[in-house]
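Numbered from 1 within each chain, the chains take letters A, B, ... in sequence-line order.
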Amino acid sequence: MAQITVTLPDGSAKEIPDGSTGAEFAASIGPGLAKAALVVEADGHAQDLAAPLHDGDAVRIVTDRDPAALEHLRHSTAHVLAQAVLEMWPGATFAGGPPIDDGFYYDFELPNGATFTDADLDSIDARMREIIAADQPFERFELSVDEGRALMEAHPYKRVFMDLAAAGDASDGEVDGGTTISFYRNSDTFVDMCRGPHVPSTGRLGFFKLMRVAGAYFRGSEKNPMLQRIYGTAWSSKKELAAYLNRLEEAAKRDHRKLAAELDLVSWPEELGPGLAVWHPKGALIRKIMEDYSRTRHEHGGYEFVFSPHIAKSVLWETSGHLDYYADSMYPPMEMDGATYYPKPMNCPFHVMIYKSSQRSYRDLPLRFFELGAVYRYELSGAVHGLMRSRGFTQDDSHIFCTREQVPDELASLLAFVLDVLRAFGFTEFQAKLSTRPPEKSVGSDELWSMATDGLRGALDAAGLEYVVDEGGGAFYGPKIDVDIRDAIGRAWQLSTIQLDFTLPDRFGLEYIAPDGQKTPPVMIHRALFGSVERFFGVLIEHYAGAFPTWLAPVQARILPVAEAHHDYAHDLAQQLRAKGFRIHVSDADETLGQRIRRSKGEKIPYVLVVGDDDVAAGTVGVNPRGGDVERNVPVGDFVDRLIEETSSTMVSELPTSLPAASA
RNA sequence: GCCCGGGUAGCUCAGACGGCAGAGCAAUUCACUCGUAAUGAAUAGGUCAGGAGUUCGAUUCUCCUCUCGGGCUCCA
């Protein structure tokens, strides 16, 4: 038999018989590897072990320890899910079922519009485990598009995928080339069109859990029928599965809606309506600290504070373009004195009005307006989510008006400013996203859009921030940079946004007098740093699991007198600490010491101070720090130093008095 | 808005083939005055989300509405 030559990852060449499959190749390397092998990569394309290798392939064996293997495993588990459902619901059809972060899903349509229930998940799970126990091998084969259509005659959604593939649209995947379609069969009763690769057989699977059922539009469009989606998670070991489920529990404990109630921060009374919150004293105090810090930083960073009303006449929103492009998200209008008023969904047009209020010169620029502006957006009822997504929220909104020449420096210093403030709140990891012109619903010339997009790209490069590009994800008036932060348990949250806008200045006829005496349109930069004060607060709650750092904690220390004899000392000490600017509470309630400590710990107060006979005599305190060991007989002065040290970096007197980079 | 699942005391949750609603914590009162995560006793607290229907009788069954959660879509 003729030999072919393949290249191994270490660069060495190996001769194997022509027609050898990946499995035979793996066996020729070593029996241990053959056992661990899931798929091979030939010329960068993962293929399953049953497929033949070709002469000249650069071959790599993917084992179950390889990150890519997890995807194969999840994809294979999705097939097992589909097999189980199709067997259990005769007449059911299926659409797409890809691997995703942490697991997989599969979309189905059940006969007569039937739906899944949670109880179904249990029986589907049981059937899936039977399929896995049967250790069915995954077998790959290829058909032409016509043959494929015939094979999938009972499954219209699959035929849509095939039609898309035949039309050259590979975005829906599961296709080889476009003329030929690959299929995977793992039993007499189940075949799925699929790009693969898969694990060699279903016996390799098993560490999975079906998580939930959900509705999902076919191909993600509201215009398409809604299918029944089943989500699952899958891992390569029992330990990893358990760790994942544990992570979910951990995240649930941090849920800001739960902690907001437990810590008495915010609530959502039914009487107000969905997505509308009231702030309780402790939540409001933290918010005030956040806002004060933000205001001070902005003041030092060369911003000027402005204010604007909550409603404005329709002409403003017509000029801005919001009524043309954003009306779906706006609250309905109010008729008054023969005019039509809308609650504001954005602050921008008001700041534009302030710019327009006088003749501007290039000497005035850049102008940086800042406002904590409440906006109202009619979010779909199914979209509201605690503080993260509400119908009324406060943007820490800034609009910068500058010349085209100033844009690069301004953007660069802006990004640096944003990251610096986020770091002060304890975030250290960032991920940026550059969003470009939307395919529909946008204004402005191509030339302006590409100039604006290049400007943002330059700022990202200057900041040395890694970014991904979201094609078509921009606002209707311009491209944008979004900055995601990563929280303490690794989740990403979208917060800051920087949007470049050549359009609004044009629509409102903004201008400044350039050095040459010509009237010139300024460039406008929209920027939110927290994004929304509400969402940022929600993220902070989850990031810190409610245990706010001392500078943000609503109560920084609670003093507990051991007995009545120590009450005076406790209150004197509290006055002394308050005089230094700290937030101190005394609990001399008629409760045992243990009870009061327990309550204080539940409130996640940074320091519990216990004072008794020893302390009254020596001028000391017993310090019980959050998450630390008790220290007895600490001199009061030492404790004050500790508080000062923990809070000084965010105290107003210590804040930077200029922008952190460029443009000074 | 669409699909699925919930809503019982301030909170966490039991409960009932349809027959006067239950616990723990919290609250209030009394006693206890206490050195590092729950002192004891007593009291009060609910139109079982709202409305309609079926029924002798509905918190329980059916329908509608509101609302919350998980998704889809969207988004700061």
## Note on the structure
Rounded to whole Å, CG of Asp614(A) lies from P of rC34(B) at a distance of 14 Å
#### Entry: Spacing of the C1' atoms in rU43(B) and rC4(B) (rounded, Å)
44 Å
### Task
Describe the nucleic acid contact of Glu379(A) in one word from base, sugar-phosphate, nothing, applying a heavy-atom distance below 4.0 Å.
base
### Task
Could you work out which one of rC75(B), rG1(B), rG70(B) sits closest to the side chain of Arg535(A)?
rC75(B)
### Message
Counting the atoms with a prime plus P, OP1 and OP2 as sugar-phosphate, which does Leu560(A) contact under 4.0 Å by heavy atoms, base, sugar-phosphate, or nothing?
### Response
nothing
### Query
Hey, does Gly594(A) reach any base, or is it just sugar-phosphate, or nothing, if we go heavy atoms under 4.0 Å?
sugar-phosphate
### Task
Please determine, for rC48(B), whether a Watson-Crick or G-U wobble partner exists with both distances under 3.5 Å, and give it or none.
none
### Task
Using a heavy-atom cut-off of under 4.0 Å over every strand shown, decide if Thr115(A) touches base, sugar-phosphate, or nothing.
sugar-phosphate
### Task
Could you tell me whether Arg632(A) contacts a base, only the sugar-phosphate backbone, or nothing, with contacts defined as non-hydrogen atoms closer than 4.0 Å?
base
### Message
Can you identify which nucleotide, out of rU67(B), rC34(B), rU39(B), has its nearest atom closest to the Val562(A) side chain?
### Response
rC34(B)
### Task
Classify the angle between the aromatic ring planes of Tyr376(A) and His310(A) as parallel (below 30°), tilted (30 to 60°) or perpendicular (above 60°).
tilted
### Message
With no hydrogens and no angle check, just 3.5 Å: does a side-chain donor-acceptor pair link Thr233(A) and Asp102(A)?
### Response
no
### Query
Looking across every strand, which nucleic acid part, if any, lies under 4.0 Å from Glu564(A) by heavy atom: base, sugar-phosphate, or nothing?
base
### Touch class at under 4.0 angstrom, heavy-atom based, for Gln494(A) against every strand present
sugar-phosphate
### Query
Can you find a side-chain donor-acceptor pair between His298(A) and Arg368(A) that sits under 3.5 Å?
no
### Message
Using OP1 and OP2 only, check whether a side-chain N or O of Arg257(A) sits under 4.0 Å from rG70(B).
### Response
yes
### Task
Quick one: label Asp482(A) by what it contacts on the DNA or RNA (base, sugar-phosphate, nothing), any heavy atom closer than 4.0 Å.
nothing
#### Entry: Toward the 5' end of RNA chain B, by each residue's nearest nucleotide, Pro274(A) or Leu495(A)
Pro274(A)
### Summary
Quick note, Asn624(A) side chain, CB onward, closest among rU36(B), rA37(B), rU73(B) is rU36(B)
### Message
What's Leu593(A) touching, base or sugar-phosphate or nothing? Going by heavy atoms closer than 4.0 Å.
### Response
sugar-phosphate
### Query
Does Phe530(A) stack onto the base of rA76(B), taking stacking as ring centres under 5.5 Å apart and planes under 30° apart?
no
### Message
With rounding to the closest Å, how many angstrom separate the P atoms on rA31(B) and rG69(B)?
### Response
45 Å
### Query
Which part of the nucleic acid, if any, lies within contact of Gly220(A), taking any heavy atom under 4.0 Å across all strands shown: a base, the sugar-phosphate backbone alone, or nothing?
sugar-phosphate
### Query
When the P atoms of rG45(B) and rG22(B) are considered, how many whole Å apart are they?
14 Å
### Task
Just call it for Phe536(A): base, sugar-phosphate, or nothing, with non-hydrogen atoms closer than 4.0 Å on any strand.
nothing
### Query
Looking at rG70(B), rC34(B), rU36(B), which one has an atom nearest to any side-chain atom of Ala214(A)?
rG70(B)
#### Entry: Touch class at under 4.0 angstrom, heavy-atom based, for Ser221(A) against every strand present
nothing
### Query
Using 4.0 Å as the upper bound for N to carboxylate O, is an ion pair formed by Arg596(A) and Asp588(A)?
no
### Query
Under 4.0 Å: is that the gap between some side-chain N or O of Arg598(A) and OP1 or OP2 of rA26(B)?
no
### Query
Using purine N1 to pyrimidine N3 plus N6-O4 or O6-N4 for Watson-Crick, or N1-O2 and O6-N3 for G-U wobble, both under 3.5 Å, which nucleotide pairs with rC72(B)?
rG1(B)
### Query
Using the ring of each side chain (for Trp, its six-membered ring), is His351(A) parallel, tilted or perpendicular to His399(A), with breaks at 30° and 60°?
perpendicular
#### Entry: Closest listed nucleotide, where the reference is the side chain of Met226(A) and the choices are rA37(B), rG71(B), rA76(B)
rG71(B)
### Task
Scan Arg377(A) against the nucleic acid and name what it touches under 4.0 Å (heavy atoms): base, sugar-phosphate only, or nothing.
base
### Message
Mind checking if Lys480(A) touches a base, just sugar-phosphate, or nothing, with heavy atoms under 4.0 Å?
### Response
sugar-phosphate
#### Entry: rG24(B): pairing nucleotide in any strand, Watson-Crick or G-U under 3.5 angstrom
rC11(B)
### Query
With a 3.5 Å cut-off and no angle check, do the side chains of Lys344(A) and Ser308(A) form a donor-acceptor pair?
yes
### Message
Using only modelled atom types and a 3.5 angstrom limit, is any donor from either the side chain of Asp328(A) or the base of rC74(B) paired with an acceptor on the other?
### Response
no
